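As structure tokens, the structure follows; a few thoughts come after it.
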Number of protein chains: 2
Amino acid sequence: MVTIADVAKHAGVSPSTVSYVLSGKRSISEQTRSRVEESISALGYHPHAGARSLASSRANVIALVLPLRTDMHVPILMQFATSVVTAAREHDHDVLLLTNDEGPDGLRRVARSALVDAVIVMDIELNDSRVPVLREVGLPAVLIGFPADPAGLTCVDWDFVAAAARCVDHLADLGHREIAFIGPPSAVFARGTGFAQRTTSGFESAVARRGVRATVRPCDPSHSAVRDTVKRLFDDHPALTGLIVHNEAAVAPLLETLRGLGRHVPQHVSVVAMCPEDLAGQVSPRLTAVPIPAEEIGRRAVELLMGKLERAAGVPPATLIAPHLLPGESTAAPPA
Amino acid sequence: MVTIADVAKHAGVSPSTVSYVLSGKRSISEQTRSRVEESISALGYHPHAGARSLASSRANVIALVLPLRTDMHVPILMQFATSVVTAAREHDHDVLLLTNDEGPDGLRRVARSALVDAVIVMDIELNDSRVPVLREVGLPAVLIGFPADPAGLTCVDWDFVAAAARCVDHLADLGHREIAFIGPPSAVFARGTGFAQRTTSGFESAVARRGVRATVRPCDPSHSAVRDTVKRLFDDHPALTGLIVHNEAAVAPLLETLRGLGRHVPQHVSVVAMCPEDLAGQVSPRLTAVPIPAEEIGRRAVELLMGKLERAAGVPPATLIAPHLLPGESTAAPPA
DNA sequence: CTGAAAGCGCTAACAT
DNA sequence: ATGTTAGCGCTTTCAG
């Protein structure tokens with residue numbers, strides 16, 4: 001293995017000089033620096049991660065805790081993960097993948113063993129068992145989502161309240177007077193996931209503000225559940241002209257059901273989706289959507305974490321990513 | 001931080017004894033062992049990963065290289081990833097997540113820096129640029145998929161040849177005499193991904209063996225492409241009664257198209273899918289499928305890797321995971 | 001601007 | 001069956 005001593009010898013300097021060239025923690029003459037850099041690439045030197053971590057108490061690795069559970073939309077998880085890895089690499093960090101089956105102990109283990117310097121925890125529940133562990137081990141963390149008591153934590157999430165409101169405003173602006181919200185399965189609400197409740201409350205305050213008649217329906221992702229929900233919705237509310245769907249798995253069945261019912265989109269009924277951008281673009285007609293910016297959330301989480309690692313202070317405790325509307329072909333003015 | 005010296009002092013033994021209790025590399029009296037173990041848990045001791053890696057040249061971390069590209073079915077990727085993490089943890093290893101955008105350099109970096117001991121590389125192409133790097137740095141590796149020249153490598157994959165044959169046999173056993181294969185987009189073939197070609201050849205030799213008339217069609221995942229492909233298929237082959245689909249994104253559109261054409265499944269046409277088990281179960285009717293065992297492949301990859309790490313020899317160079325047929329409601333005898 | 005040297009916490013000979 | 005100790009490769013004082 002090529003060590004820092006090999007590089008030092010090859011460049012005719014001391015090991016510490018090589019170390020300082022690498023870290024930039026003290027000034028080096030231009031001449032020395034370039035000689036060292038040449039030696040580094042000539043020998044193909046890479047510092048030993050363990051030795052570095054031992055000497056500096058910084059592993060340059062962050063952990064990413066993903067839920068194993070698959071009731072979340074998987075492609076979104078994956079987008080998160082890749083954006084976290086990409087962003088971490090830009091800050092010279094690697095990413096250790098943890099699943100939730102080790103539970104809170106997994107966090108304790110990687111923290112105490114100094115395997116990682118910090119952690120990003122996804123899929124936060126209102127009363128999350130991992131939060132106490134985070135406080136206990138003092139591991140710098142960024143949570144994606146908000147627990148019931150976020151005091152002392154750094155959290156980032158999409159602004160679900162604003163996202164739901166944006167959907168309502170879009171439909172109201174087009175002239176719709178009666179709309180419905182097709183949400184996640186009721187199990188998601190039951191689990192105590194904050195986002196579902198925030199979305200609903202954003203929807204409800206927006207419809208109140210706009211004076212629009214509205215209905216909220218949770219919906220299971222199966223084809224038949226979607227069909228039943230939609231049919232009952234139109235039976236109960238014949239004047240319904242606008243739908244907001246916040247349920248990835250329900251998107252395709254919803255469109256198919258509407259087609260089956262002879263209700264054309266957007267001539268008879270408008271549809272706005274809160275879903276990943278690629279899903280919105282894949283279906284026909286292309287959906288007007290308020291896309292979930294997974295990539296941006298992942299990147300922001302990494303940036304917040306790096307902020308905590310470097311400055312410790314001045315990192316905002318709560319970050320809400322603003323939604324934006326992506327126009328598609330699924331919304332129009334309601335029929336006269 | 002709690003160190004091994006703290007534990008040693010607390011238990012009244014030497015540091016090396018603590019180390020040996022942990023590693024089991026020499027025999028310890030029952031008395032000493034239990035005293036040490038009590039101290040360990042009393043103090044909440046976890047060995048420092050960096051120190052351990054430095055002293056033993058074993059990081060107990062493996063890298064998992066995932067393709068960033070999203071033209072692969074994402075949930076499968078995720079299943080792989082979680083099964084790799086779970087299996088690795090059972091062998092006391094952690095998993096570092098790498099994406100392909102660092103390319104071969106990423107592998108070189110993690111290997112040279114001793115960040116990881118070994119690597120699992122997914123989505124292997126026939127002429128994969130990462131293979132030379134693996135040979136160059138001598139990093140123990142398991143490839144998921146086969147490159148054109150697998151000499152000296154350890155590869156594991158699903159037996160696509162047998163899987164395609166299994167589909168053909170199932171339809172032929174039911175009495176179908178004319179079938180078609182709806183495959184991945186032609187871009188996948190063009191990219192030099194071995195599995196697409198192996199599947200096709202498995203299909204073709206099976207139909208020859210069974211004396212069944214057959215057609216092969218690549219297919220883009222868009223709804224309209226699927227519709228066109230299927231329509232043309234029935235125009236060209238009016239006697240067609242069996243379909244094999246190996247294209248996750250095409251499954252739902254295919255069923256919808258058949259419904260639109262008034263061809264009932266399985267009364268008029270039988271459908272067998274090579275796809276994840278959950279997808280097969282979600283659609284209506286529930287598909288007869290030869291499911292891709294992502295979990296098993298991931299687990300097996302880890303086991304092979306651990307074998308290489310421990311024994312270096314005796315690890316089989318090629319492992320093919322046998323397919324099995326999962327009966328559903330989408331296949332039956334052809335109409336009389 | 002650069003060197004020398006003391007550890008960081010652990011493992012694995014080498015002792016006994 | 002257990003203790004002693006010399007590193008593993010790097011960072012970071014402390015000196016100059």
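The chains referred to below are lettered A, B, ... by the order of the sequence lines, with proteins before strands, and numbering in each begins at 1. The structure displayed is predicted, hence computed values, not measured ones.
Comparing B:Arg35 and B:Ser56 against DNA chain D, the residue whose closest nucleotide sits nearer the 5' end is B:Arg35. Projected onto DNA chain D by closest heavy-atom contact, B:Pro15 and A:Tyr45 fall at different nucleotides, the more 5' of which corresponds to B:Pro15. Comparing B:Leu54 and B:Arg26 along DNA chain C, the residue whose closest nucleotide (by nearest heavy atom) sits nearer the 5' end is B:Leu54.
A donor-acceptor contact closer than 3.5 angstrom links the side chains of B:Ser14 and B:Thr17. Side-chain contact of A:Thr86 with A:Ser83: a donor-acceptor pair under 3.5 Å is absent, judged by distance alone. A donor and an acceptor atom, one from each side chain of A:Ser113 and B:His46, are nowhere located under 3.5 Å apart.
OP1 or OP2 of C:dT2 has at least one side-chain nitrogen or oxygen of A:Ser29 nearer than 4.0 Å. Distances shorter than 4.0 Å separate some side-chain N or O of A:Ser19 from OP1 or OP2 on D:dT11. Taking side-chain N and O atoms only, A:Ser14 has a distance below 4.0 Å to OP1 or OP2 of C:dG3. For B:Thr3, no side-chain nitrogen or oxygen approaches OP1 or OP2 of C:dC8 to under 4.0 Å. Not one side-chain nitrogen or oxygen of B:Lys25 sits closer than 4.0 Å to the OP1 or OP2 atom of C:dT11.
Atoms CD1 (A:Ile28) and C1' (D:dT12) sit 13 Å apart, rounded to a whole Å. Rounded to whole angstrom, the span from the CG atom of A:Asp6 across to the C1' atom of D:dG9 amounts to 10 Å. Atom CG in B:Leu43 sits roughly 15 Å away from atom C1' in C:dG9 (whole-Å rounding). Rounded to an integer number of Å, the gap from A:Ile4 CD1 to C:dT2 C1' is 14 Å. Nucleotide C:dA4 holds its P atom 12 Å from the NZ atom of A:Lys9, rounded to whole Å. Straight-line distance from the CD atom of A:Gln31 to the C1' atom of C:dT2: 13 Å, rounded to whole Å. Between A:Leu115 atom CG and C:dG9 atom P there is a gap of 16 Å when expressed in whole angstrom units. One interatomic measurement links the two molecules: CZ of B:Arg58 to P of C:dT11, which rounds to 12 Å at whole-angstrom precision.
Using a 4.0 Å heavy-atom criterion, one finds that A:Thr32 contacts the sugar-phosphate atoms exclusively. Within the nucleic acid shown, A:Ser53 has no heavy atom closer than 4.0 Å to any nucleic acid atom.
Of the candidates C:dC10, D:dT2, C:dG3, the closest approach to any side-chain atom of A:Val13 belongs to C:dG3. Candidate nucleotides D:dC10, C:dG9, C:dT11 were compared by shortest atom distance to the side chain of B:Arg52, and C:dT11 ranks first. Distance from the side chain of B:Tyr20 is smallest for C:dA12 among the nucleotides C:dT2, C:dA12, C:dC10.
Exactly one residue among B:Val156, B:Ile124, B:Leu320 makes a side-chain contact (heavy atoms from CB on, under 4.5 Å) with B:Phe146. That residue is B:Leu320.
The existence of a salt bridge linking B:Asp94 and A:Arg109 is confirmed by a sub-4.0 Å separation between a basic side-chain nitrogen and an acidic carboxylate oxygen. The pair A:Arg108-A:Asp105 meets the salt-bridge criterion, since a charged nitrogen lies less than 4.0 angstrom from a carboxylate oxygen.
Between the side chain of B:Ser16 and the base of D:dT4 there is at least one donor-acceptor pair of N/O atoms closer than 3.5 Å.
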